[in-house]
Structures are given as C-alpha cells and as structure tokens.
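To start, the structure under review is shown below, and the notes come after it.
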Amino acid sequence: GENVEQHPSTLSVQEGDSAVIKCTYSDSASNYFPWYKQELGKRPQLIIDIRSNVGEKKDQRIAVTLNKTAKHFSLHITETQPEDSAVYFCAARGVNSGYSTLTFGKGTMLLVSP
Amino acid sequence: GAVVSQHPSWVICKSGTSVKIECRSLDFQATTMFWYRQFPKQSLMLMATSNEGSKATYEQGVEKDKFLINHASLTLSTLTVTSAHPEDSSFYICSAPRGGSHNEQFFGPGTRLTVL
C-alpha cells in the first residue's frame, strides 16, 4: 500500500518568515495530494490540494509543489502569522480495495512566534 | 463546503462497555464514509471504509468484531467500539467524500473516547 513520509516533525519560525514542509509518497498511482491543517482537538481542515496533472498551485500565502518523477510534494507558507501555528498533515490518495483512500503523513507541528 | 457531524463529541465509559459513535453527512449523500483513529500527537490512521448497503472494508490490523460499522443510510454511518478497553481511548474522526470516494473528503469534528 501507500506510504507517506513527512518532514520535519516540528518547525519553529518567526512571524513573517517562510515555512516549508516536505512529503514523499511511494505509490506512483496516487493522483491527489491534499494538505490539512489541524488545530488541537479539532477536525482537519483542507487548506490546499494538488492533482497529479499539475506541478504547482498557489492560494494567497500558501503554495504546493509536486514532483511526480521524484514522488514528492511540498507545502510552502509565506509571511507566516501566529495563527498559522497548528499541525499540518500531507496526504496521498490512491486506490485501496476499490476505494480512493487517503494515506496521511505523520504531521508537522508548526510554531510561529510573534 | 459540505458539512459532516459526529455524535457524541466526547464520551467517557467504563472498561468492558460498548460505545456507539455516529457520523452524519448533513447536506449531501455519502455512499462511502471513512473512519479514522488518531492517538495524541499522532497522525490519522484509516480504520475502515464504510459502504452503504454492503459490508465495511477494514484496514489490516483492525478487528472487525471489535469495531462494528453500520452504514445505515446514505447520510449515516455508525462505529461501535465493543467491549472497550483503556487502549481504545483515542480521537475517532469520520470523513465523507461528496460524490464518490475520489472526491474531496469532509471531516467530522471527531469524538474523544476515554475508557476508564
């Protein structure tokens, strides 16, 4: 099955700096890569996603890049703000027993200091 | 976006009892729903795929007799933790894709289960 590795596990930055989180996946058939932000005790919220036919996608301060050949994708947050502090999960979607299922990375705790 | 609810939001139970958690898609129909378990400071682990009108598909290592799943309708899936033990204490989250499992998944708010 799919295996998703995520780095780093924790990331501390100063407000205004950029933050980059990287993920790799193992199944070349995976075709959809969402990123979720989860605050303590709350549900994961989709912040951006990218499909395998696109190399880059941007939404204001957030961007995601995908390298299908190398099977890795990255989340870039620019001009970080304290409210960006949360745990971020990458995921890869492939087909599992006939259903499209998500495999999550282990998460990155982002701390943005004012 | 689509709305998915869960009930209860938290539950405390004694060891050996059973606990039922409901997952509802409020403004769309979901033939497929997913159940995840999340331990503190860990990732979401897929437990099973719930299918309306058929048996659930369980991930390797998940006991189907312990975690009973029933997809009663196109808007409701339930997860019953039978004979709960302290090691079952976790955050259980469901998700539902709108329009098929290949679409974006919308997550419920989660249920915090504590087994004493």
Side-chain angles (χ1 to χ4, degrees), chain A residues 1-11 21 23-25 27 29-53 57 59 64 86-111, chain B residues 1-6 9-10 23 30-52 54-62 64 69 71 77 90-114:
Chain A
E2 177 65 275
N3 181 48
V4 177
E5 299 285 338
Q6 183 173 347
H7 299 281
S9 56
T10 59
L11 179 58
I21 303 171
C23 289
T24 61
Y25 62 99
D27 188 353
S30 290
N31 57 12
Y32 173 67
F33 307 92
W35 285 88
Y36 292 89
K37 176 183 180 182
Q38 187 180 30
E39 297 178 352
L40 189 62
K42 297 190 176 180
R43 77 185 83 194
Q45 298 276 11
L46 178 70
I47 56 171
I48 197 167
D49 55 15
I50 191 167
R51 297 185 186 275
S52 59
N53 58 348
K57 183 177 179 181
D59 182 4
V64 56
V87 179
Y88 291 80
F89 292 98
C90 64
R93 185 174 70 195
V95 177
N96 181 2
S97 300
Y99 296 94
S100 294
T101 60
L102 290 176
T103 301
F104 286 83
K106 292 188 183 300
T108 297
M109 178 175 289
L110 174 64
L111 299 172
Chain B
V3 180
V4 175
S5 71
Q6 272 184 249
S9 56
W10 60 270
C23 178
T31 56
T32 302
M33 291 184 177
F34 300 98
W35 286 97
Y36 296 86
R37 180 168 52 187
Q38 185 177 33
F39 292 109
K41 297 184 179 180
Q42 293 191 25
S43 188
L44 289 85
M45 298 299 296
L46 180 65
M47 299 175 65
T49 302
S50 172
N51 313 298
E52 192 271 336
S54 64
K55 293 182 179 180
T57 304
Y58 289 82
E59 294 302 299
Q60 191 172 8
V62 178
K64 59 180 67 176
I69 291 173
H71 203 127
S77 175
S90 186
F91 194 49
Y92 291 86
I93 308 177
C94 70
S95 74
R98 179 168 53 186
S101 65
H102 56 283
N103 290 334
E104 177 186 347
Q105 292 188 24
F106 295 92
F107 285 86
T111 297
R112 173 76 58 191
L113 171 63
T114 302

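None of these values were measured; they are calculated from a predicted model. So that the names make sense, note that chain A is the first sequence line, chain B the second, and so on, each numbered from 1. Side chains included, hydrogens not; waters and symmetry mates left out as well; all remaining heavy atoms used.
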* Structure fact -> Applying a strict 4.5 Å limit to non-hydrogen atoms, the region of B:Leu44 in contact with chain A is both
* Answer with side chain, backbone, both or neither: which region of B:Gln6 has an atom nearer than 4.5 Å to a non-hydrogen atom of chain A? => neither
* Asked: According to the interplanar angle, ranging from 0 to 90°, do the rings of A:Tyr36 and A:Phe104 count as parallel (below 30°), tilted (30 to 60°) or perpendicular (above 60°)?
  -> tilted
* To do: State, yes or no, whether a side-chain contact exists between B:Glu59 and B:Arg37 at a heavy-atom distance under 4.5 Å.
  => no
* To do: Please confirm whether the backbone N or O of B:Phe107 pairs with a side-chain atom of A:Arg43, one donor and one acceptor, at under 3.5 Å?
  => yes
* Structure fact -> Okay, A:Pro34 and chain B: the region with an atom under 4.5 Å from a heavy atom over there is neither
* Asked: Are B:Thr57 and B:Thr49 close enough that a side-chain donor and a side-chain acceptor fall under 3.5 Å?
  -> no
* Asked: After noting the C-alpha distance and the side-chain angles of B:Arg98 and B:Phe106, does the key distance pass the side chain to side chain contact (heavy atoms under 4.5 Å, CB included) rule?
  -> CA-CA 8 Å; B:Arg98 179 168 53 186; B:Phe106 295 92; 4.2 Å; yes
* Asked: Where does A:Leu102 contact chain B at under 4.5 Å (heavy atoms): side chain, backbone, both or neither?
  -> both
* Of all residues at least two apart in sequence or in a different chain, which pass the ring pair (Phe, Tyr, Trp, His ring centres under 6.0 Å) check with B:Tyr58? -> none
* Structure fact -> One option among A:Gly105, A:Gly107, A:Pro44 has the most heavy-atom pairs under 4.5 Å with chain B, and it is A:Pro44
* What part of A:Gln45 lies closer than 4.5 angstrom to a heavy atom of chain B: side chain, backbone, both or neither? -> neither
* **Interchain contact, B:Phe91 with chain A, by part (heavy-atom threshold 4.5 Å)** => side chain
